[in-house]
Colleague: 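The structure that follows is given in the form of structure tokens.
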2 protein chains.
Amino acid sequence: MTDSATASRPPKRERLVESARDLLYEQGVQRTTLAQIAERADVPVGNVYYYYKTRDELVHAVIESRLERIREVLGELDRRSSPKARLKALTSAWTDEGAQVAEHGCPLGGLVYELNKDHSPLSEEGAQLMRELVDWSERQFRELGRRDAATLAFSLISSIQGAALLTNTFHDESLFRREVRRLGRWIDSI
Amino acid sequence: MTDSATASRPPKRERLVESARDLLYEQGVQRTTLAQIAERADVPVGNVYYYYKTRDELVHAVIESRLERIREVLGELDRRSSPKARLKALTSAWTDEGAQVAEHGCPLGGLVYELNKDHSPLSEEGAQLMRELVDWSERQFRELGRRDAATLAFSLISSIQGAALLTNTFHDESLFRREVRRLGRWIDSI
DNA sequence: GTCTATATAGCGATAGAC
DNA sequence: GTCTATCGCTATATAGAC
């Protein structure tokens with residue numbers, strides 16, 4: 001038994017990233033303290049530094065975790081038969097979390113916004129989250145034979161991100177659903 | 001001479017709001033300290049509290065300043081002859097600041113994003129910034145005879161906000177210009 | 001009204017016992 | 001590997017001289 005005392009709980013290192021991921025989303029990067037992260041992960045504060053030497057290193061782990069999740073989701077979407085079906089399935093991925101978007105905004109958009117203000121390598125790592133989405137979308141539009149695929153991809157992800165911001169601002173999930181439905185029709189019309 | 005020593009400089013209270021407005025935009029709300037605000041305004045730190053009892057009160061003043069400016073700009077746009085011209089002029093207001101958007105994001109969007117995470121009255125005050133833009137846009141679309149004016153207004157402001165986020169993320173002003181041109185054509189097509 | 005000096009609290013990070 | 005205790009710093013905010 002190399003695991004910790006209480007049987008099958010995920011090891012501390014993993015618990016810390018999960019806790020950080022959730023808190024960074026709910027409260028924002030700047031407002032979240034190591035004490036809060038440690039408390040939710042049920043790890044003593046001082047012990048955090050055994051797993052992550054600095055706060056930034058922990059934030060880095062969260063970005064990596066988000067990046068892996070994005071690639072995982074996009075990989076699943078790639079199994080769908082047509083580019084249009086894939087693009088529409090992407091938008092559905094957001095509406096599935098509509099309630100959380102209304103409460104806390106887009107998990108990716110918020111993170112990226114804050115990292116944009118950061119003068120560290122984290123900023124560029126955050127940008128990669130968006131690049132992944134835009135590039136994947138661009139490939140779909142290109143498969144549809146659009147030469148302006150890059151522009152369309154930028155428009156699509158932009159619209160979703162902006163809709164998430166306003167939805168969060170007005171705390172009204174229905175706004176998000178309506179806008180994403182609109183984007184679905186737009187994709188169909190292409 | 002009731003003014004300060006160096007003749008015609010704006011009074012300190014005003015200098016503080018201006019300094020705070022700029023720094024909150026450039027660095028974000030959370031990262032900006034009173035010391036930085038005071039320094040840029042050329043006011044001693046301790047003296048800030050003579051003009052604003054708390055930090056939140058100063059942030060409140062910045063929101064009010066932004067709100068006034070929005071109403072001022074929208075008031076000027078109202079002088080244009082057609083709703084379409086007014087809507088397109090609104091989008092131009094953003095591209096005029098394209099370089100800054102690429103560097104720091106949208107001055108309103110960033111502020112609103114951060115205030116959304118705030119558990120204070122400032123959050124609702126921030127929402128009013130967006131409401132002002134959406135409501136004004138909705139009136140224009142309604143004048144165009146659109147019954148889905150509310151939806152279209154939401155889409156327009158969403159797209160601009162999302163485009164600003166991605167433009168800031170990729171630090172490429174041309175992305176913003178291209179997307180706003182696209183929105184201009186969309187307005188024309190309505 | 002204006003300024004300096006300082007109180008107070010909370011943060012990230014470290015040292016070292018176990 | 002795990003934990004407690006605490007350092008050092010910086011932030012907001014206050015007290016009080018001028």
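Remember, it's a predicted structure, so these values are computed and weren't measured experimentally.
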Colleague: Nearest whole Å is fine: how far is D:dA11 P from B:Leu58 CG?
Modeller: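 Nearest whole value for this atom pair: 15 Å.
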Colleague: Rounded off to whole Å, could you give me the CD1-to-P distance for the B:Ile37 and D:dA11 pair?
Modeller: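 It works out to 11 Å between those atoms.
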Colleague: What is the separation between atom OH on B:Tyr52 and atom P on C:dT2, rounded to the nearest whole Å?
Modeller: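 Interatomic distance, OH of B:Tyr52 to P of C:dT2: 13 Å.
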Colleague: So, does B:Tyr50 get its side chain near the phosphate of C:dG1, meaning an N or O under 4.0 Å from OP1 or OP2?
Modeller: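 Yes, B:Tyr50 has a side-chain N/O under 4.0 Å of OP1/OP2 on C:dG1.
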Colleague: With A:Lys84, which residues qualify under side chain to side chain donor-acceptor pair (under 3.5 Å), at least two apart?
Modeller: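 Testing A:Lys84 for side chain to side chain donor-acceptor pair (under 3.5 Å), a comparison that skips the adjacent residues, returns none.
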Colleague: Residues in side chain to side chain donor-acceptor pair (under 3.5 Å) with A:Arg178, at least two apart?
Modeller: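 Only B:Thr151 meet the side chain to side chain donor-acceptor pair (under 3.5 Å) criterion with A:Arg178.
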Colleague: Among residues at least two apart in sequence or on other chains, which ones pass side chain to side chain donor-acceptor pair (under 3.5 Å) with B:Glu132?
Modeller: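 Checked B:Glu132 against side chain to side chain donor-acceptor pair (under 3.5 Å); matches are B:Arg71, B:Gln128.
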Colleague: Could you tell me the separation between the OH atom of A:Tyr51 and the C1' atom of D:dC3, rounded to a whole number of Å?
Modeller: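 Value for this atom pair: 11 Å.
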Colleague: Just to verify, what does A:Tyr49 make a side-chain contact (heavy atoms from CB on, under 4.5 Å) with, not counting sequence neighbours?
Modeller: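 Checked A:Tyr49 against side-chain contact (heavy atoms from CB on, under 4.5 Å); matches are A:Leu34.
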Colleague: Which residues satisfy the side chain to side chain donor-acceptor pair (under 3.5 Å) test with A:Asp22, sequence neighbours excluded?
Modeller: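 If we apply the side chain to side chain donor-acceptor pair (under 3.5 Å) test to A:Asp22, skipping adjacent residues, there are no hits.
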Colleague: Just by distance, no angles: are the side chains of B:Glu179 and B:Ser159 close enough, under 3.5 Å, to form a donor-acceptor pair?
Modeller: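 The criterion, which ignores hydrogens and geometry beyond distance, is not satisfied for B:Ser159 and B:Glu179.
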Colleague: Taking CD from B:Glu57 and P from D:dT14, how many angstroms apart are they, rounded to a whole number?
Modeller: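 The distance from CD of B:Glu57 to P of D:dT14 comes to 11 Å, rounded to the nearest Å.
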Colleague: Could you run through nucleotides 12-18 of chain C and give me one letter per nucleotide, 5' to 3': B if any protein heavy atom sits under 4.0 Å from the base, S if only the sugar-phosphate is that close, - if neither?
Modeller: SBB----
Colleague: How many whole angstroms separate atom CZ of B:Arg13 from atom P of C:dT2?
Modeller: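 Value for this atom pair: 12 Å.
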